[in-house]
Asks: 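Below you will find the structure I want to go over with you.
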Amino acid sequence: MDETRRERKKRQTKELLAETAIRLFGEQGYEQTTVAQIASAADVATKTFFNHFPSKEDVLFADTLRRGRVPLDVIADRQPGETVADLLIRAYEAMLADFRVQGVGRDDPALVETYTHLLMTVPALQAKALHLMFDVQREVATALAHACPDELDPISAAAAVGALMGATQGVGLASLELGQSEEEFWVSMRRGIDVAVQGLRSL
């Protein structure tokens, strides 16, 4: 029980720091906001911030490591007779479902809007997001090739993962630029998956 409470407290502090940082970034600008200001606004010590995040930019990617495990766990649990396309689609849909129900600020539309705006407009955050995306893509491709050795070599696995992730990422950006509602956004993401599936079915 003590360990459970400690873990819960750690998670709550991490979420508080992330949400506080996003609000300050939106109000003051990303470059103008310091770690000390974030810690002060969250009523914690600066040292506590660095116990949770290596740097200021990392605060916006609090859920990335946990979320990156979602598709890997699905792929590792491939069902008998499941095709490569169906497995990859199931893995990616699990990751999208996780994004919809968990994560920093999911119950605060204004915070989510600020978060999205920051990722689309701040070069340092765009670079960080791309770096993390490539890491996840590489890990998923490796896991897929391992789970489907009779159907895929590493090149084919990388192509399959790239096709699906590229389609959904492109659709997501287009949806945000069009100013679609959250529900329209998820409908568009589903369309992106459907388009990519046409090519994946050939595997």
Side-chain angles (χ1 to χ4, degrees), residues 54-55 57-104 106 112 115-180 182-203:
S55 67
E57 66 180 18
D58 288 295
V59 78
L60 286 174
F61 303 97
D63 300 313
T64 300
L65 292 178
R66 177 190 57 78
R67 185 165 293 131
R69 291 296 317 170
V70 174
L72 299 179
D73 290 341
V74 172
I75 290 171
D77 189 36
R78 184 187 187 187
Q79 301 301 302
E82 189 171 28
T83 67
V84 172
D86 288 339
L87 174 61
L88 190 53
I89 292 164
R90 185 163 64 88
Y92 206 71
E93 286 183 334
M95 188 163 60
L96 293 180
D98 179 85
F99 181 80
R100 294 190 72 169
V101 300
Q102 296 191 59
V104 173
R106 290 307 305 159
V112 173
Y115 173 85
T116 302
H117 178 74
L118 288 165
L119 290 185
M120 294 182 66
T121 59
V122 179
L125 299 178
Q126 290 175 320
K128 180 72 172 182
L130 284 172
H131 176 75
L132 292 173
M133 178 196 71
F134 287 138
D135 283 347
V136 170
Q137 186 169 325
R138 184 169 54 249
E139 290 178 358
V140 172
T142 299
L144 187 65
H146 180 76
C148 309
D150 296 331
E151 300 100 319
L152 297 175
D153 59 30
I155 297 300
S156 298
V161 174
L164 187 54
M165 293 190 73
T168 52
Q169 287 157 5
V171 165
L173 287 173
S175 176
L176 293 171
E177 289 173 352
L178 289 170
Q180 291 186 332
E182 182 173 358
E183 191 58 38
E184 289 173 326
F185 174 85
W186 292 114
V187 170
S188 295
M189 292 294 278
R190 179 66 250 187
R191 283 183 60 194
I193 291 175
D194 290 341
V195 170
V197 165
Q198 301 307 312
L200 293 177
R201 293 294 182 195
S202 67
L203 295 173

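Quick caveat: nothing in here was measured; it's all calculated off a predicted structure. What you see below is based on every heavy atom in this structure, not just the backbone, and it leaves out hydrogens, waters and symmetry mates.
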Asks: Determine the minimum heavy-atom distance between Leu87 and Cys148, stating which atoms define it.
Replies: CD2-SG, 3.8 Å
Asks: Could you pull out the closest heavy-atom pair between Pro71 and Val140, with the gap in Å?
Replies: CG-CG2, 4.0 Å
Asks: With the threshold set at 4.0 Å, does a side-chain nitrogen-carboxylate oxygen contact exist between Asp194 and Arg191?
Replies: no
Asks: What are the two closest heavy atoms between Thr121 and His117, and how far apart are they?
Replies: OG1-O, 2.7 Å
Asks: Closest approach of Met120 and Gln126, non-hydrogen atoms and distance?
Replies: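 Taking Met120 first and Gln126 second, the nearest heavy atoms are O-NE2, 2.8 Å.
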Asks: At their closest point, which heavy atom of Glu184 faces which heavy atom of Gln180, and how far apart are they?
Replies: OE1-CA, 3.3 Å
Asks: With a 4.5 Å limit on heavy-atom distance, are the side chains of Met189 and Ser175 in contact?
Replies: no
Asks: Could you give the distance from CG (Leu144) to NE2 (His146), rounded to the nearest 0.5 Å?
Replies: 11.5 Å
Asks: Measure the shortest side-chain to side-chain distance between Val136 and Met133 over non-hydrogen atoms and say whether it is less than 4.5 angstrom.
Replies: no
Asks: Search all heavy atoms of Val74 against all heavy atoms of Ala94 and return the closest pair with its distance.
Replies: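 Shortest heavy-atom separation between Val74 and Ala94 comes out as CG2-CB, 3.8 Å.
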Asks: So, taking the atom named CE in Met95 and the one named CE in Met165, what distance separates them when rounded to the nearest 0.5 Å?
Replies: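 If we round to the nearest 0.5 Å, Met95:CE and Met165:CE are 5.0 Å apart.
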Asks: About how many Å separate CZ of Arg78 and CG of Leu88, when rounded to the nearest 0.5 Å?
Replies: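 Answer rounded to 0.5 Å: 11.0 Å.
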Asks: Between Leu125 and Tyr115, is any pair of side-chain heavy atoms under 4.5 Å apart?
Replies: no
Asks: Side-chain contact, heavy-atom cut-off 4.5 Å: Leu119 with Lys128?
Replies: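 No. Closest side-chain heavy atoms not under 4.5 Å.
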Asks: Rounded to the nearest 0.5 Å, what separation is found between the CG atom of Leu130 and the CG atom of Asp135?
Replies: 11.0 Å
Asks: How about CD1 on Ile155, more than 12 heavy atoms from neighbouring residues, nucleotides or ligands closer than 6.0 Å, or not?
Replies: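 Atom CD1 in Ile155 is not crowded, with 12 or fewer foreign heavy atoms closer than 6.0 Å.
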Asks: Using salt bridge (Lys or Arg N to Asp or Glu O under 4.0 Å) as the criterion, list what pairs up with Asp77, not counting sequence neighbours.
Replies: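 For Asp77, no residue satisfies salt bridge (Lys or Arg N to Asp or Glu O under 4.0 Å) once neighbours in sequence are set aside.
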Asks: From Thr142 OG1 over to Leu72 CG, what is the distance, rounded to the nearest 0.5 angstrom?
Replies: 9.0 Å
Asks: Give, for atom CD1 of Ile193 and atom OH of Tyr92, the distance between the pair rounded to the nearest 0.5 Å.
Replies: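 It is 7.0 Å, given to the nearest 0.5 Å.
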